[in-house]
Amino acid sequence: YLDATARNEWSSTLPMNNNSFFYPSVGMSFIFSRFIRPNKILTSGKLRVNYAKVGGSTQAYQLLNTYQSGGIFLGNPYLAYTQDLKNANIKPEQTTSREIGLDISLFKSRLNLTGTYYSNNTINQIIRATTAYETGFNSRIVNAGEIQNKGLELTANYTAMQTKKVKWTVFANYAHNKNLVVSLLPGVNRLVLGGNLGATVSATVGQPFGLITGTAPYKVGDTILVGTNGRNIADPNVIAGIGRPKFTGALGTSVKVGRFDFQVTATIRWGGSLYSASYGRAMFAGTTVKSLEGRDEWLFSNFILNENAN
């Protein structure tokens with residue numbers, strides 16, 4: 001089987017000279033079970049391949065800098081200039097996806113298995129990146145180079161019991177995605193997406209999107225370097241983790257009795273890093289057990305031996 005589509009869209013949220021995007025798709029499938037003798041194990045089997053391009057626009061009011069309501073001052077309303085630097089030359093996003101999959105049905109369709117491997121490349125992704133405060137803005141709207149996603153998706157569905165009135169099904173799924181920032185703007189290898197208390201989330205070339213970095217003690221091997229003032233030397237932009245999970249999955253069961261359906265599902269998101277701003281503020285205020293480390297040594301050195309007068 002061969003399927004093909006072609007579509008073109010125009011978006012009013014994009015500039016007039018870049019508001020049109022075309023995306024075609026083509027898909028092929030081969031039902032190989034038709035060439036196998038009927039048997040009690042294999043009910044049906046299909047191999048599928050797909051290729052597609054998908055366009056995307058942005059939300060409204062991202063082209064021109066505007067004023068917005070700032071609130072009330074001395075009983076009078078006032079307007080404030082936007083803190084986001086808009087982009088009048090923004091381009092539509094474009095994602096190219098390639099996919100190959102296998103669908104198998106076994107034992108008179110009691111067991112159904114599906115596997116899909118995909119590879120997606122997105123160019124001109126529209127993101128909000130932070131900018132230097134001296135520019136007068138907190139962030140800016142940009143098209144960010146190329147971002148790649150590769151992954152595997154697996155699903156299984158098993159009918160454990162089926163009568164005229166009752167049907168009991170058990171199902172499971174697994175998904176793994178590998179993300180990579182291939183390129184950004186010309187001459188730019190890192191865009192900060194946000195941050196808090198010294199931790200930043202960024203898009204960095206050669207790293208997954210949403211990389212979390214922060215400041216840590218500078219180490220040579222296992223040794224922490226200390227400055228002349230007795231404090232640890234800071235090592236900026238140390239990789240702390242990635243906000244995306246290593247894999248996701250689910251396991252569940254459903255029971256259908258007549259016209260009533262009952263379903264229970266347990267989901268899992270394994271891996272990934274989470275930055276806690278509340279814990280960071282507690283560390284800064286010295287109200288956590290972890291912040292007690294080194295206090296006795298610092299007190300003895302600074303006030304008793306007077307070694308760290310600076």
Side-chain angles (χ1 to χ4, degrees), residues 1-7 22-56 94-122 147-180 182 208-210 242-272:
Y1 295 91
L2 175 64
D3 295 319
T5 65
R7 181 175 177 177
F22 173 75
Y23 43 98
S25 69
V26 60
M28 297 180 63
S29 61
F30 173 62
I31 304 176
F32 59 85
S33 57
R34 293 186 176 181
F35 299 89
I36 300 176
R37 289 183 178 181
N39 56 81
K40 296 181 180 180
I41 299 178
L42 180 64
T43 305
S44 66
K46 180 174 69 174
L47 179 66
R48 48 189 167 78
V49 179
N50 296 290
Y51 174 86
K53 283 188 176 182
V54 180
Q94 187 177 78
T95 299
T96 302
S97 63
R98 295 161 288 272
E99 179 182 294
I100 182 170
L102 180 65
D103 301 330
I104 297 179
S105 182
L106 306 171
F107 309 115
K108 297 182 179 180
S109 299
R110 292 180 68 92
L111 177 61
N112 299 287
L113 304 173
T114 300
T116 303
Y117 176 80
Y118 62 87
S119 177
N120 301 334
N121 288 72
T122 301
I147 298 176
Q148 182 185 83
N149 285 280
K150 294 182 178 181
L152 177 67
E153 296 177 348
L154 302 173
T155 62
N157 187 297
Y158 176 66
T159 303
M161 182 181 70
Q162 184 170 5
T163 65
K164 291 183 178 181
K165 294 184 178 181
V166 179
K167 182 179 181 181
W168 176 27
T169 304
V170 180
F171 55 89
N173 63 67
Y174 167 88
H176 169 72
N177 180 75
K178 186 176 181 181
N179 177 275
L180 180 68
V182 179
F209 187 85
I242 302 169
R244 298 174 179 269
K246 292 183 179 179
F247 70 87
T248 60
L251 179 65
T253 182
S254 65
V255 178
K256 182 177 182 181
V257 181
R259 297 181 178 181
F260 297 94
D261 291 326
F262 305 91
Q263 180 172 309
V264 177
T265 305
T267 60
I268 181 174
R269 294 170 60 90
W270 187 269

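Values below: every heavy atom of this structure, side chains too, minus hydrogens, waters and symmetry copies. Please read all numbers here as calculations on a predicted model, not as lab measurements. Numbering starts at 1 and runs along the sequence shown.
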Exercise. Would Asn177 and Tyr118 count as having a side-chain donor-acceptor pair, cut-off 3.5 Å?
Worked result: yes

Exercise. For Arg98, which residues count as a salt bridge (Lys or Arg N to Asp or Glu O under 4.0 Å) partner, sequence neighbours excluded?
Worked result: none

For this session: For residues Leu154 and Gly115, report the shortest heavy-atom separation together with the two atoms involved.
Result: CD2-CA, 3.8 Å

Exercise. Considering only heavy atoms from C-beta outward, does the side chain of Thr96 approach that of Tyr51 to under 4.5 Å?
Worked result: yes

For this session: Supply the atom-to-atom distance Ser105 OG to Asn112 CG, rounded to the nearest 0.5 angstrom.
Result: 4.0 Å

Seminar exercise, completed: Separation between CD1 (Ile147) and CG (Leu180), nearest 0.5 Å, reads 9.5 Å

Seminar exercise, completed: dist Arg110:CZ -> Thr169:OG1 (nearest 0.5 Å) comes out at 9.5 Å

For a quick test of your reading: what N or O donor-acceptor pairs under 3.5 Å do the side chains of residues 157-166 make, sequence neighbours left out?
| from | atom 1 | to | atom 2 | distance (Å) |
| --- | --- | --- | --- | --- |
| Thr163 | OG1 | Lys165 | N | 3.4 |
| Thr163 | OG1 | Val166 | N | 3.0 |
| Thr163 | OG1 | Val166 | O | 3.3 |

Seminar exercise, completed: Across all chains, not counting sequence neighbours, the side-chain hydrogen bond (donor to acceptor under 3.5 Å, both in side chains) partners of Thr248 are none

Problem set entry | Non-neighbouring partners of Arg48 that pass salt bridge (Lys or Arg N to Asp or Glu O under 4.0 Å), sequence neighbours left out | Glu99, Asp103

Seminar exercise, completed: To the nearest 0.5 Å, atom CG of Asn149 lies from atom OG1 of Thr122 at 6.5 Å

Exercise. Do Thr265 and Gln263 have a side chain donor and acceptor closer than 3.5 Å?
Worked result: yes

Exercise. Ala250 and Ile268: which non-hydrogen atoms are nearest, and at how many Å?
Worked result: N-CG2, 4.5 Å

For this session: Dump the intermediate steps for side chain to side chain contact (heavy atoms under 4.5 Å, CB included) on Trp168 and Thr253, then the final yes or no.
Result: CA-CA 7 Å; Trp168 176 27; Thr253 182; 2.6 Å; yes

Exercise. In Å, rounded to the nearest 0.5 Å, how long is the span from NE2 of His176 to CG of Leu152?
Worked result: 8.0 Å

Just distance, no hydrogens or angles: give the donor-acceptor pairs under 3.5 Å from side chains in residues 25-47, sequence neighbours left out.
| from | atom 1 | to | atom 2 | distance (Å) |
| --- | --- | --- | --- | --- |
| Ser25 | OG | Thr5 | OG1 | 2.3 |
| Ser33 | OG | Gly45 | N | 3.1 |
| Arg34 | NH1 | Tyr1 | OH | 3.4 |
| Arg34 | NH2 | Tyr1 | OH | 3.3 |
| Asn39 | OD1 | Ile41 | N | 2.9 |
| Asn39 | OD1 | Leu42 | N | 2.6 |
| Asn39 | ND2 | Arg37 | O | 2.9 |
| Thr43 | OG1 | Lys108 | N | 2.9 |
| Thr43 | OG1 | Ser109 | N | 3.2 |

For this session: Quick one: list whatever passes ring-ring contact (aromatic ring centres under 6.0 Å, His included) with Tyr174, sequence neighbours left out.
Result: Phe247

